[in-house]
Undergrad: 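The structure that follows is given in the form of structure tokens.
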Amino acid sequence: MEGRKAKIAVLVSGGGTNLQALIDAEKSGVLRSGRLALVISNKADAYALVRAKNAGIETVVVKKTDRATFESRITEELESRSIDLIVLAGFMVILSKEFTDRYPERILNVHPSLIPSFCGEGFYGLKVHEAALNRGVKVTGATVHFVNEIADGGKIVMQKAVEVKEGDTPEILQRRVMEEAEWKILPASCEIVCKKIKENIK
Ligand code: GAR
């Protein structure tokens, strides 16, 4: 017999356009094996929280204190709701090995480059696109990968290439990478992983 839908928690820090892509994907049926059950932000003023509330998804703010307290508060929120999959969508905090070891192949992250280019500590948000433009690459893209203790180092689930164009600024390139890659491969990857989880839920 088919199991219930996988319960997803999305961790955010900012604008939440990737969260919005997941909300839209659930509505349209692209994401059908998982259910967005919780959004956790480390920033109280993240616009992602407004997007979650508008979609009727429960929200929690966990402010960053010391690492151990911060991570154990997040773990409590996840465990108390029996979350199956954690999605980092613009979550600007690196999680420790202690945390990632609890959830092997149960944490996804979207990164705005073709890993292994322009990734690891210090490469986040616009900085990634600045680095790509400075290096003069002609193709960049986005990657969805499982999260382990190495920043941007876990197994790759999906990648999509995006053209760099003459005259691109970091902002223009960021927008193109989001539109053409991130907002597509994040929901698609979530569906693949949730489908596998669902098949194993009794
Ligand atoms: C996205 O481009 C995401 O890939 C990136 O931050 C942006 C968040 O936008 N994440 C990282 O750089 C993580 N290393 P959003 O809040 O609108 O989804």
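Remember, it's 1-based here, ligands and their atoms both numbered in the order they're listed. As the structure is a prediction and not an experimental result, all values here were calculated from the model.
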Undergrad: Would you give the length of the straight line joining atom CG of L22 to atom SG of C190, rounded to the nearest 0.5 angstrom?
TA: 5.0 Å
Undergrad: State which residues pass salt bridge (Lys or Arg N to Asp or Glu O under 4.0 Å) with E71; sequence neighbours excluded, sorted by chain then number.
TA: R67
Undergrad: Can you list the residues that meet the salt bridge (Lys or Arg N to Asp or Glu O under 4.0 Å) rule with K97, with sequence neighbours excluded?
TA: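 Here the qualifying residues are D101.
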Undergrad: Does F123, at its CZ atom, have more than 12 non-hydrogen atoms belonging to other residues, nucleotides or ligands within less than 6.0 Å?
TA: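 Atom CZ in F123 is crowded, with more than 12 foreign heavy atoms closer than 6.0 Å.
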Undergrad: Would you check ligand 1 and list the protein residues that come within less than 4.0 Å of it by any heavy atom, ordered by chain and number?
TA: G15, G16, T17, N18, G90, M92, V110, H111, P112, F123, Y124, G125, M178, E182
Undergrad: If you look only at pairs with a residue in residues 43-58, which of them pass as a side chain to side chain donor-acceptor pair (under 3.5 Å), with sequence neighbours excluded?
TA: Q20-R51, E58-R81
Undergrad: Do we see a donor-acceptor contact under 3.5 Å between the side chains of N42 and S13?
TA: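 Note: N42 and S13 side chains meet the donor-acceptor criterion.
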